[in-house]
Amino acid sequence: MNHSVRKSIVVFVTAFILTVVFTPLASHADTWHKGTPTALRGNWKSNAKTESTASGKEIVYYTLSFSKTAVGNSATINGKTLQFRLHAVDYQKISKQTYLIRTLFTDNQNGILTVKQTGKKKIVVGNGTNNTDKESYYKMDK
């Protein structure tokens, strides 16, 4: 092997080793974890709103319940509660207090919620990774 080919191989191998050593590994935040984050577990309630409907005005509020393995949600309209259960819950931490929650809805469509904990007693929940239609929820006392 001539000298220039050997030198090229050494340079290539050195560059490869440096790239492998100094390239960060995939971060822990890129992985999906089963269940829900401990920080979000418990019951959360939105502020009541008055909404106009064809039958008049209705007082509506929403609740989210994070358990270890599932997220439940409900809507209360004029004192009557409709409950739903979401299964196959996974989460991904995308920043210090922001999580993506992935669920499987009853129509077998994946849904993603963006949940940001803004304090011990407040979270802001949005739809999808773009975090649209944000709604504030407040921790309910036990």
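Keep in mind that the numbers below use all heavy atoms, side chains included, and drop hydrogens, waters and symmetry copies. The first residue of the sequence shown is numbered 1, and numbering continues consecutively from there.
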If you round to the nearest 0.5 Å, how far is [atom2] of [Y] from [atom1] of [X]?
X	Y	atom1	atom2	result
K116	Q97	NZ	CD	7.5 Å
K139	N43	NZ	CG	7.5 Å
L113	D133	CG	CG	11.0 Å
R102	D90	CZ	CG	4.5 Å
Q83	T76	CD	OG1	8.0 Å

**Report entry** Geometric cation-pi criterion K45 and Y62, 6.0 Å radius, 45° cone
**Finding:** no
Query - Among T114, T98, T118, the one residue meeting side chain to side chain contact (heavy atoms under 4.5 Å, CB included) with V124 - result: T118
Report summary line: Checking L82, V125, L64 against N73 for side chain to side chain contact (heavy atoms under 4.5 Å, CB included), the one that qualifies is L64
Would a 4.5 Å heavy-atom cut-off, applied to side chains only, mark [X] and [Y] as touching?
X	Y	answer
Y99	Q92	no
V89	I101	yes
D141	K121	yes
V71	T36	yes
Y138	N47	yes
S136	K122	yes

Less than 3.5 Å apart, any donor N or O on the side chain of [X] or [Y] sitting next to an acceptor on the other?
X	Y	value
T81	S74	no
R41	S67	no
T132	N127	no

Query raised in the report: Salt-bridged, E135 to K49, with N to O below 4.0 Å?
Result: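 Yes, charged N to carboxylate O under 4.0 Å.
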Requested in this report: Examine Y61 and W44 and state if one hydrophobic cluster contains both, with Ile, Leu, Val, Met, Phe, Trp and Tyr joined whenever side-chain heavy atoms are less than 4.5 Å apart.
Outcome: no
Query raised in the report: Are M140 and I59 in one and the same hydrophobic cluster, where Ile, Leu, Val, Met, Phe, Trp and Tyr link if side-chain heavy atoms are under 4.5 Å apart?
Result: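 Different clusters: M140 never reaches I59 through Ile, Leu, Val, Met, Phe, Trp or Tyr contacts under 4.5 Å.
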Report task. Please step through side chain to side chain contact (heavy atoms under 4.5 Å, CB included) for the pair L100 and T129, ending with a clear verdict. Result -> CA-CA 7 Å; L100 294 179; T129 56; 4.0 Å; yes
Query raised in the report: Which atom pair, heavy atoms only, marks the closest approach of K57 to N78?
Result: O-ND2, 4.1 Å
**Report entry** Parallel, tilted or perpendicular, as decided by the 30° and 60° cut-offs, for the rings of H33 and Y91
**Finding:** tilted
